[in-house]
Asker: 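Structure in structure tokens, see below.
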Amino acid sequence: MFLIKNSIESCNMDQYKVRFINYPKQYRLLKKEIDKAIFGCLEKGDFILRDDVKQFEKNVASFLGTKFAIGVNCGTDALFFSSLISGLKRNDEVITVAHTYVASVAAVVHCGAKPVLIDVGEDMNMNADFIEESITEKTKAIMPVHLNGRMCNMRKIMKIANEHGLLVIEDAAQAWGAKFDGKNAGSFGFAGCFSMYPAKIFGAYGDAGVIATNDEMLNEQARIWRDGGRKNKQEVTCFGYNSLLDNLQAAVLNVKFKRLPRWIERRREIARQYNNGLSDLQQLKLPPAPTKIGDYFDVFQNYVVRCKQRDALEKHLNNKGIETMVSWRIPLHKQKDLGLQSFNLPKTEKVSSEVLSLPLYPELTNEQVNYVIKCVRSFY
Ligand SMILES: *Cc1c(COP(=O)(O)O)cnc(C)c1O
């Protein structure tokens with residue numbers, strides 16, 4: 001029985017008409033260039049901190065318009081190093097959100113500091129109106145998380161940060177290419193932290209991340225902390241970590257870098273198609289359609305719809321061969337083992353019970369998008 005059940009399950013896996021993400025399809029489209037980049041590294045023996053990493057850092061800084069970019073092992077480490085080097089210590093407080101991937105809050109906790117979690121707004125990002133009431137003498141920083149490819153309201157956040165002398169560490173892991181008021185995500189604060197996890201808009205073939213900054217001290221220290229605390233071959237200035245951006249991953253990312261503007265345009269096009277096909281369904285809340293005017297330039301890392309019957313819709317779509325994702329079913333302050341239960345975040349809890357991400361990536365065909373639209377409609 002066991003065997004039969006397993007084989008049915010694995011068979012079902014392959015019957016997805018629309019996968020939530022399709023790595024092999026993207027690879028096949030880029031195969032020639034990717035293979036050349038990877039085999040080039042193998043031929044030259046370029047594995048650790050070689051030219052591809054330097055080129056990647058140049059690409060990132062020039063795109064974002066920051067002075068520096070420092071490649072690290074992952075987005076989690078980008079957040080942690082930025083928090084650590086910002087000078088966060090025991091008992092300091094950092095204002096951030098619970099509706100995020102755990103790494104944002106973990107970065108604060110690993111510095112011994114205390115995360116102060118505030119609620120999100122209708123766009124599922126930090127509600128800046130709750131920041132000032134949460135500031136105490138111990139508050140040192142604000143960590144906005146630009147979720148799903150849409151930025152937080154940085155006009156309000158930067159204004160409050162400047163008035164209160166707080167550092168801003170942006171979790172821009174889901175916001176490569178997103179803009180607020182014409183300015184790139186990750187270029188506003190002390191540090192902009194990106195993840196190049198494979199499923200991210202600018203994804204590698206494994207873990208990767210980068211810190212963007214205009215701060216010379218952060219640039220210098222991050223390079224030391226990521227490399228075992230070594231300032232150069234002889235001098236060790238702290239007990240650092242080994243968190244280098246893999247040179248092979250950098251070579252892959254440099255190939256993808258040129259494609260990003262087109263990929264982001266395609267993401268926005270698909271979002272527009274979803275909005276056009278679904279906007280008349282009263283029971284479904286959609287993200288704002290992408291526009292060229294206004295404060296927000298959204299890049300749709302995820303296309304997240306909200307509805308009361310989320311679990312039933314999820315099941316319906318999965319049965320139709322459409323793979324979906326829920327981020328996140330249990331908000332961080334409801335995770336029993338994290339010790340964050342004291343926060344009262346009704347909007348975050350409501351959002352967690354309603355969110356469902358539909359497939360959205362550049363390689364989706366219009367037929368697939370239309371099929372998803374048709375299946376969502378057939379649920380109602
Ligand atoms: C992906 C992600 C991270 C962590 O990035 P990794 O590269 O996986 O370590 C942090 N914050 C958010 C919001 C993310 O989506």
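In each ligand, atom 1 is the first atom listed, and ligand 1 is the first ligand listed. The shown structure was predicted, so the numbers you read here are calculated from the model rather than taken from an experiment.
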Asker: Assess Gln301 for proximity to ligand 1: is some non-hydrogen atom of it under 4.0 Å away?
Answerer: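 The answer is no: ligand 1 sits nowhere under 4.0 Å from a heavy atom of Gln301.
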
Asker: So do the side chains of Leu286 and Tyr274 get within less than 4.5 Å of each other, counting heavy atoms only?
Answerer: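 Side chain of Leu286 against side chain of Tyr274, heavy atoms only: no contact under 4.5 Å found.
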
Asker: Could you list which atoms of ligand 1 come closer than 4.0 Å to a heavy atom of Cys74?
Answerer: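 This gives 7 (O), 9 (O) as the contact atoms.
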
Asker: What atoms of ligand 1 come within less than 4.0 Å of a heavy atom belonging to Val145?
Answerer: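 Ligand 1 atoms under the 4.0 Å threshold to Val145: 13 (C).
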
Asker: Report the part of Asp77 in contact with ligand 1, treating N, CA, C, O as backbone and CB onward as side chain, heavy atoms under 4.0 Å; options are side chain, backbone, both, neither.
Answerer: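 Looking at Asp77 and ligand 1, no heavy atom falls under 4.0 Å.
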
Asker: Can you see which heavy atom on Leu117 is nearest to which on Ala98, and at what distance?
Answerer: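 For Leu117 versus Ala98, the nearest heavy atoms are CD1-CB, 3.9 Å.
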
Asker: For atom 9 (O) of ligand 1, what is the nearest protein heavy atom, given as residue, atom name and distance?
Answerer: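 The answer is Thr76 OG1, 2.5 Å.
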
Asker: What do you reckon, does Asp207 have a nitrogen or oxygen under 3.5 Å from a nitrogen or oxygen of ligand 1?
Answerer: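 No, since none of the N or O atoms of Asp207 sits under 3.5 Å from an N or O of ligand 1.
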
Asker: Determine whether Leu79 and Phe194 fall in the same hydrophobic cluster, where Ile, Leu, Val, Met, Phe, Trp and Tyr are linked whenever their side-chain heavy atoms lie under 4.5 Å apart.
Answerer: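 The answer is no; the residues belong to distinct hydrophobic clusters.
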
Asker: Going by atom types alone, do Asn214 and Thr66 pair a side-chain donor with an acceptor below 3.5 Å?
Answerer: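 Not at all, the side chains of Asn214 and Thr66 share no donor-acceptor pair under 3.5 Å.
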
Asker: Look only at interatomic distance and state if Tyr101 has a nitrogen or oxygen under 3.5 Å from any nitrogen or oxygen of ligand 1.
Answerer: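 No; the residue has no nitrogen or oxygen that sits under 3.5 Å from a nitrogen or oxygen of the ligand.
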
Asker: Evaluate side-chain contact (heavy atoms from CB on, under 4.5 Å) for Tyr361 paired with Lys25, printing each intermediate quantity in order.
Answerer: CA-CA 11 Å; Tyr361 44 95; Lys25 187 168 180 189; 5.7 Å; no

Asker: List the closest protein heavy-atom neighbour of atom 13 (C) of ligand 1: residue, atom name, distance to the nearest 0.1 Å.
Answerer: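 For atom 13 (C) of ligand 1, the nearest protein heavy atom is Asp171 OD2, 3.5 Å.
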
Asker: Just wondering, do Pro359 and Arg19 contact through their side chains at under 4.5 Å, heavy atoms?
Answerer: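 A side-chain contact is absent here, since even the closest heavy-atom pair is not under 4.5 Å.
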
Asker: Specify the protein heavy atom at minimum distance from atom 2 (C) of ligand 1: its residue, its atom name, and the distance to 0.1 Å.
Answerer: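 Result: Lys200 NZ, 2.7 Å.
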
Asker: Using a 6.0 Å distance limit plus a 45 degree cone around the ring axis, check whether Arg226 lies over the aromatic ring of Phe81.
Answerer: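 Pair Arg226/Phe81 does not count as cation-pi.
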
Asker: Which atoms of ligand 1 have any heavy atom of Gly75 under 4.0 Å away?
Answerer: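 That gives atoms 5 (O), 6 (P), 7 (O), 9 (O) of ligand 1.
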
Asker: Go through ligand 1 atom by atom and flag the ones less than 4.0 Å from a non-hydrogen atom of Thr100.
Answerer: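 Counting from 1, the qualifying ligand atoms are 13 (C).
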
Asker: For atom 15 (O) of ligand 1, what is the closest protein heavy atom, and at what distance to 0.1 Å?
Answerer: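 Scanning the protein heavy atoms, the shortest distance from atom 15 (O) of ligand 1 goes to Gln174 NE2, 2.9 Å.
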
Asker: State whether the side chain of Asp52 and the backbone N or O of Ala250 hold a donor-acceptor pair below 3.5 Å, judged by distance alone.
Answerer: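 Answer holds: no.
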
